[in-house]
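Below is one structure, written out as structure tokens; the observations come after it.
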Amino acid sequence: MTSNPLLDATGVAKNYGAVAALRNASLSVLPGEVHALMGANGAGKSTLVKILTGAIPANAGRILIRGEARDIRSPAAARRAGLLPVYQEPSLIPDLDVLSNLRLTSTPVEPFRAWVRELGIPDLDIRDTARDIPLAVLRVLDLARALAVEPDVLLLDEMTAALPANLAEKVLEVVRRQGDSGRAVIFISHRFVEISALCDRATVLRDGETVGVVDIVPGVEEKIVELMLGTRIVKTHVAARSAAQKAVPAPARPRLSVHNLRVGTKLNDVSFDLADGEVAGVVALEGQGQDELFAALAGSIRPSGGTIEVDGQPAKFSHPIDAIRAGLAYVPGDRAEALAMQRSVRENIALPFSAALRNWGPIAMRQERAKVVSAIERLQIDTRAQGEVQRLSGGNQQKVTIARWVAADTRTLLCFDPTRGIDVGTKQEIYKLLREVAGHGKSVLFYTSELEEVQRVCDRVIVIFGGRVVDIFPVEEADEPALMRAAYGLPRGAKADIGILADPHCSSPESASSSASTSPGATP
Amino acid sequence: AGKYTIGISNTVQGNGWREEMVCAMKAQALASGEVAKLNIAHRNTDAAGQLEDIRNLISAKVDAIVVNPADPAGIKAGLEEATKAGIVVVAVDQAVTEPSAYIISNNQEQYAYLGAKWLFGQMGGKGEVFYMRGAAGASADSDRDKGFKKALAEFPDVKVAQEVFTGWQQDQAKQQILSFLSTGTPINGIWTSGIDNVIVDALVESQAPLVPIVGADNAGFVGQLSSVKGLVGAAVTNPGSIGGAGVTLALQILDGKKPAQQTVLVEPQLWENATDEGKAKLKAAADPSLSPEWPVSISIPDWTTYTKDQIVACKGPGE
Amino acid sequence: MSTTAIQPVPFGRRVKRFMADRPLIPLIILLIILVVILQILRPGIVNERWIANTIKFAIPLAILAGCQTMTMLTGGIDLSIGTVATMSAFIMATQVVNQDPAVAFLLAMMPAVLIGLVNGIGVGVFRVHPLIMTLGTSLIGTGCLQVYQRTVIASGARIPDFLAWLGTGLTYGVPNALLLFVPLAALIVFTLSRTGFGRLLYAVGDNERATRLSGVQYWQVITALYVISSVLAGITGLLYIGLIKAPSLSLAEPLVLPSVAAAVIGGTSIFGGRGGYTGTIIGALILTVLTTLLTILQMPEGARRILFGLIVLFVTAAYLRIVEER
Amino acid sequence: MSHFLRRQGWVAGLFVLFVVLFIITRLIQPAYGSGDFGSLVRAVLPYAFAVAAQTVVVIAGGIDLSVAAMMALTSVTAASMMSGASEEYALFVVPFVLAMGFVLGAINGMLIVITRVPDIVVTLATLFVLQGAALLVLDAPGGAAADWLKALISGTVPIPGLPDGIDAWLPKALLLLIVCLCIIWIPLRRSRLGLSIYAIGSSELAAFRSGVPVARTRIIAYALSGLFAAFGGLALTMSTGIGAPIPGPYLLASVAAVVLGGVALGGGKGGLLGPIVAVFVLRLVRTDLTLLAIDPNLTAIIEGAIMVAVVMFGAFITMRSRQS
Ligand SMILES: Nc1ncnc2c1ncn2[C@@H]1O[C@H](COP(=O)(O)OP(=O)(O)OP(=O)(O)O)[C@@H](O)[C@H]1O
Ligand SMILES: Nc1ncnc2c1ncn2[C@@H]1O[C@H](COP(=O)(O)OP(=O)(O)OP(=O)(O)O)[C@@H](O)[C@H]1O
Ligand SMILES: O[C@@H]1[C@@H](O)[C@H](O)OC[C@H]1O
Ligand SMILES: [Mg+2]
Ligand SMILES: [Mg+2]
């Protein structure tokens with residue numbers, strides 16, 4: 001690959017007031033290349049994508065497209081220059097139907113439809129309003145819309161983060177073929193598996209600066225992590241929990257006990273127990289009813305059948321306050337859902353203290369402060385920008401959502417994918433915290449979309465498929481292939497090839513592309 | 001019971017004069033014995049709103065419409081449609097331009113001329129006057145403006161310090177005078193278009209000098225002219241009971257007795273408190289039993305037949 | 001992340017950042033500038049009496065703007081306060097003729113509580129847009145008031161002495177209305193910054209879903225809020241009738257839009273989650289002084305309104321520039 | 001079909017409501033006829049344009065508090081220009097006033113875009129400015145309207161071949177309303193620009209990222225609002241024959257009818273038909289109350305109650321459907 005770069009950006013800088021989101025970023029992408037853009041949270045990846053595609057202006061920097069200097073001032077200009085992004089957040093207009101969305105962007109309909117089918121969604125009605133379409137599908141539509149105009153450079157910002165494995169797999173196949181056909185793809189992901197399966201090279205950002213460009217070869221992960229984290233702790237493996245830690249004496253009755261729980265058509269008949277001092281994992285593909293399960297336990301929606309027992313007492317929740325009173329607190333994966341972004345760290349942590357009507361009066365400021373400070377310390381939240389939570393980094397924001405319930409001394413945490421889009425270092429801290437909470441006799445229900453987390457954190461894992469519990473594993477057996485199979489509803493012990501994610505170790509580009517060729521779907 | 005349905009349209013609500021007018025209409029309709037039902041559209045609105053009200057009254061097939069117009073030109077089309085539909089149209093208090101309509105009203109130009117002339121005389125023929133007009137666009141207001149300007153022309157040394165439209169609303173007038181006083185601009189006299197007692201209150205409360213004031217024969221102001229120390233002023237009559245006269249006129253026409261002229265004017269009088277003769281008149285006219293914003297002339301000889309109790313009770317046929 | 005602390009920050013930037021961190025300062029400066037202009041235009045006008053008068057007129061506006069501030073913090077708005085204030089004023093003035101003042105007071109506050117309750121339930125339970133909800137109740141309220149007015153025409157109206165004393169009176173040159181306002185303002189400021197309820201107002205306006213997950217019951221907060229707003233408006237009505245002394249059907253209506261303007265000028269975000277009452281009070285003072293200024297200019301009414309509009313726009317835009325630049 | 005029903009269900013419901021009210025009207029006043037319907041349409045006219053003006057900006061995710069003031073200004077401008085002028089001069093006045101509305105509306109939009117002050121505050125400020133300008137043009141109601149303009153909304157449209165009985169139910173005012181709204185709205189809805197207006201109302205960020213020129217679209221939305229408001233101002237002058245500088249009740253009415261018409265206040269949803277039908281419903285309610293000789297102030301109560309009840313009902317329905 002010695003051809004001229006398709007896209008060549010150097011010295012890109014972007015300041016938000018006093019904060020430098022990008023200081024000196026560079027990125028060079030060759031034709032036919034799938035190029036990973038990597039970096040810890042807040043390193044500036046999304047910012048760079050936004051600058052390259054005209055969504056925000058840069059403060060400095062030079063961008064060459066096919067060797068020509070281009071000034072891209074708007075997404076429309078980027079599109080004309082052949083740069084098409086799929087941003088971290090869905091970009092379809094919520095109140096327009098899919099067809100109107102296509103018209104708005106002058107996207108040809110037939111190629112779009114072909115790509116949608118290719119990406120594994122056979123039955124899309126393009127008269128459906130975007131608002132009514134599930135998030136994962138929306139992401140795919142976003143991608144299909146970009147693909148339909150045959151961009152020279154496709155920029156995918158954490159495209160696979162919110163996708164279930166089956167859709168993610170299709171996306172990866174399609175992306176790889178883009179590269180094969182001489183176009184370029186800039187691919188952002190925190191998942192090394194995907195990077196190594198897909199990418200040719202990676203540019204690593206740290207604190208807004210490009211700190212290295214590496215070829216993806218087996219074993220390069222260590223090097224990338226080193227670049228990403230700089231002097232920070234390099235890849236701390238959570239030590240396998242000792243037998244002593246695991247030996248939770250089985251209590252007389254479970255902390256939480258769910259029987260035959262049903263929610264609409266999404267969740268049918270789920271039963272399991274959660275004990276004090278236990279972290280129970282929940283694993284499921286996208287849309288298998290896990291959202292509804294957590295929402296029901298959190299009191300956000302009312303189950304249509306079955307029972308929830310807390311400490312042996314039947315419980316009925318009609319509002320999160322009821323669940324909270326029963327000692328169940330919900331930590332959503334999307335921190336924007338949990339935080340009042342313009343308020344301070346302190347107010348966010350103390351929010352549950354004021355919730356009940358009887359606590360609407362004057363606040364005992366000193367007491368509150370003590371509780372908040374101790375929670376901040378336990379979670380090691382970086383409070384340099386504590387005046388407004390929106391100024392915290394993503395990982396620290398995530399910690400605040402948990403700190404709130406640590407400060408409230410909640411007995412049971414319902415964590416829904418709390419490490420979504422968080423860097424390696426912060427993840428480790430969150431794992432540690434959850435174990436610690438369990439160590440204090442509290443219990444945690446932990447849904448994760450990253451299967452490798454299960455063995456790091458959980459004591460047990462509950463697998464849900466099609467709205468039912470299909471298996472409950474002891475953690476020792478819960479390696480990724482086993483979990484993956486179970487998540488697809490396959491019986492334990494069966495061996496079937498379910499795609500490249502099944503075995504990350506043999507996913508070199510060659511073997512991956514061969515598996516792609518066996519998959520159904522025609523190239524548009 | 002009577003045989004006619006009469007529609008009423010009025011566009012200033014919450015003004016004592018207009019309330020008396022409506023009560024007079026009701027009382028007269030009741031006293032006449034000829035009216036089965038009144039259909040009263042009484043609210044705060046403008047010409048466009050009144051047009052809608054009049055058209056709705058036409059749809060309601062009333063026999064006559066007695067209207068106090070918001071704007072003569074603005075409702076002309078509606079009045080014309082009413083006449084075409086065979087409805088008798090009587091305008092009270094103010095003139096209209098629709099030729100088919102009958103008018104019964106105080107002589108508004110004369111009303112303003114009388115008061116202004118007296119006021120400028122009191123001011124010694126010179127100085128600054130605060131000119132507090134009525135509702136912009138109403139013909140009573142523009143007619144009064146003519147009278148005011150006529151008097152002004154006779155006193156070349158009198159200047160208008162500021163001109164405001166009170167909309168014939170007490171609270172607005174009060175806020176206007178208060179904010180004017182707060183600017184500290186000196187004045188020598190105040191002419192009001194009948195929103196008077198609140199102006200006296202404002203001067204007293206803000207301890208501003210009591211300059212001569214002209215108002216109407218509203219009960220409150222008439223009382224103030226005799227009771228407030230140092231207040232020099234005059235009340236010009238403008239009977240709200242003209243509404244009752246309007247009903248009488250409409251009934252006469254419905255009964256086939258058309259008046260000789262389309263327009264009937266009532267001539268105003270001036271009662272001042274600068275002379276003993278005037279003071280006596282004021283004393284005789286005063287009626288503390290009335291609401292301060294009601295004109296003391298609660299009836300018009302030859303035109304109204306109700307009793308004081310009837311107008312105060314403010315009940316129409318069927319109520 | 002890094003700060004640009006290496007090279008010396010230019011003076012202009014420093015001033016800007018200083019003001020951005022203390023958003024009250026530019027407001028106070030603006031107020032002072034307006035007063036100075038006034039004094040230059042009409043030397044000697046700025047005296048004790050003028051100040052007392054200005055404060056007297058700013059207070060009703062400031063309280064209503066307080067209603068606006070609190071509702072705006074939750075991302076709402078209360079357009080029914082004008083009607084509510086007018087109703088309580090009108091009912092007080094007409095009922096006190098035949099009733100004991102205490103009874104009249106209770107009667108006068110009844111519609112306030114009722115409208116607040118309906119607003120709160122509409123917004124909090126049925127999730128009706130606050131603009132629509134409060135417009136609707138204000139239409140209903142105005143209609144009721146007008147119908148009510150028809151029934152009390154004969155009985156007349158009276159302004160209770162106490163209200164007149166509170167509204168217009170001065171004690172040693174200080175407006176008596178401050179007796180009501182100072183504690184009220186202190187209470188609002190305290191509520192917003194130091195009580196659970198105040199915290200919830202900000203939080204709900206910032207991210208309602210997040211408060212729900214923290215156990216906050218939205219409808220409770222919103223209902224309480226709109227009732228409080230309405231009661232404050234009712235009290236303002238009583239104070240205002242003591243000041244104007246002429247009950248009418250639209251008494252406080254002209255204060256509604258300026259109350260929104262005062263809160264916005266004072267730095268409260270109309271989208272919720274940001275702002276405070278101190279700024280609002282200064283906003284109300286600014287608007288009041290501005291009105292006097294425009295009256296003095298002796299220009300036609302039309303020109304005054306044009307200037308008023310332009311200044312409101314300019315002040316808000318400039319203020320946003322200053323505060324957002326950080 | 002189901003798409004159509006889901007989207008137009010609200011409008012269809014409103015239309016049924018209107019028909020029911022109409023039948024009630026005939027029951028109250030059996031002689032209610034085509035002439036009375038003509039009166040209704042003439043009363044509707046300024047409200048309809050006001051609500052059209054509001055609808056465009058609400059769909060674009062904004063709000064325009066200056067609608068009524070804009071109507072007042074355009075109305076007094078038209079009336080004072082036509083006062084004492086020849087009939088033909090009005091041929092120039094009409095496009096002039098419409099252009100004025102368009103430009104002033106565009107200025108509203110530009111101020112919002114440039115100052116980044118929330119639209120509700122900007123249009124509040126321009127409300128005062130436009131009101132002031134109207135007072136400078138005419139300090140009291142006055143002016144005149146050309147006779148041919150007034151004739152445009154009185155009487156019916158004689159359509160050859162149609163029996164008089166039906167013809168009588170086609171007031172000119174209705175035709176004028178339909179023509180003026182349709183020549184702007186229908187091409188707009190079908191165009192990219194129309195889509196863009198819905199898009200910025202639905203999600204500004206997503207629209208921007210889809211390549212929609214957000215600022216320009218917003219300015220155009222406000223310009224169209226100004227244009228519709230100018231139509232409203234002209235309608236006022238045409239029906240009263242004068243111009244009045246103090247704005248009428250059209251701001252509140254426009255917001256109420258927008259909401260009743262099924263246009264979400266957040267933007268991105270709804271159409272023009274719903275709000276227009278809503279205006280007809282509200283005006284007919286007032287007529288019915290007058291026919292019943294009910295105090296017109298009760299109308300305010302009923303209008304408010306309808307507004308609140310309908311909106312609560314709508315909110316209730318969406319809550320229910322979200323739960324299931
Ligand atoms: N609108 C903004 N205002 C202020 N700071 C911002 C803004 N957007 C981004 N930042 C800051 O810029 C830095 C880079 O953010 P960016 O979103 O590009 O990170 P990222 O590498 O995409 O991270 P992630 O993996 O979490 O998506 C962060 O410190 C962030 O807080
Ligand atoms: N807009 C901002 N204003 C002020 N401070 C900010 C802003 N954005 C980020 N910071 C501060 O800069 C620091 C670094 O932020 P950044 O987003 O780069 O974190 P990070 O190292 O990526 O952490 P994480 O992995 O948790 O996202 C944080 O302490 C944060 O509080
Ligand atoms: O004097 C005024 C009267 O003539 C007018 O028409 O209505 C209000 C009165 O105050
Ligand atoms: Mg970050
Ligand atoms: Mg990112």
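Note on naming: letters A, B, ... go to the chains in the order of the sequence lines (proteins, then strands), and numbering restarts at 1 for each one.
With sequence neighbours left out, the side chain to side chain contact (heavy atoms under 4.5 Å, CB included) criterion links Ala305(D) to Ile140(C).
Environment of CZ in Phe15(D): sparse, with no more than 12 heavy atoms of neighbouring residues, nucleotides or ligands closer than 6.0 Å.
Of residues 196-213 of chain D, those residues lying under 4.5 Å from chain A by any heavy-atom pair are Ser196(D), Tyr198(D), Ala199(D), Ser202(D), Ser203(D), Ala206(D), Ala207(D), Phe208(D), Arg209(D), Ser210(D), Gly211(D), Val212(D). Within residues 178-192 of chain D, the residues that have a heavy atom under 4.5 Å from a heavy atom of chain A are Arg190(D), Ser191(D), Arg192(D), listed by number.
Interface remark: Leu104(A) contributes backbone and side-chain atoms alike to the contact with chain D (heavy atom separation under 4.5 Å).
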Please list, one pair per line, the donor and acceptor atoms closer than 3.5 Å that link side chains of residues 137-146 of chain A to other protein atoms, with sequence neighbours excluded.
{"unit_1": "Arg139(A)", "atom_1": "NH1", "unit_2": "Tyr87(A)", "atom_2": "O", "d": "2.6"}
{"unit_1": "Arg139(A)", "atom_1": "NH1", "unit_2": "Gln88(A)", "atom_2": "O", "d": "3.2"}
{"unit_1": "Arg139(A)", "atom_1": "NH2", "unit_2": "Tyr87(A)", "atom_2": "O", "d": "3.4"}
{"unit_1": "Arg139(A)", "atom_1": "NH2", "unit_2": "Asp157(A)", "atom_2": "O", "d": "3.3"}
{"unit_1": "Arg139(A)", "atom_1": "NH2", "unit_2": "Glu158(A)", "atom_2": "O", "d": "3.2"}
{"unit_1": "Asp142(A)", "atom_1": "OD1", "unit_2": "Arg145(A)", "atom_2": "NH2", "d": "3.4"}
{"unit_1": "Asp142(A)", "atom_1": "OD2", "unit_2": "Ser91(A)", "atom_2": "N", "d": "2.9"}

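Taking NZ of Lys269(D) as the start and CG of Leu96(A) as the end, the distance is 11.5 Å to the nearest 0.5 Å.
With respect to chain D, the highest number of heavy-atom pairs below 4.5 Å among Pro94(A), Ala76(A), Ser304(A), Ser74(A) belongs to Pro94(A). Of the residues considered (Ala78(A), Pro85(A), Pro75(A)), Pro75(A) shows the highest number of contacts with chain D, using heavy-atom pairs under 4.5 Å. When the candidates Ser100(A), Ala130(A), Gly264(A) are compared by the number of heavy-atom contacts under 4.5 Å with chain D, Ser100(A) comes out ahead. Ranked by heavy-atom pairs under 4.5 Å with chain D, the first of Arg103(A), Arg131(A), Arg79(A) is Arg103(A).
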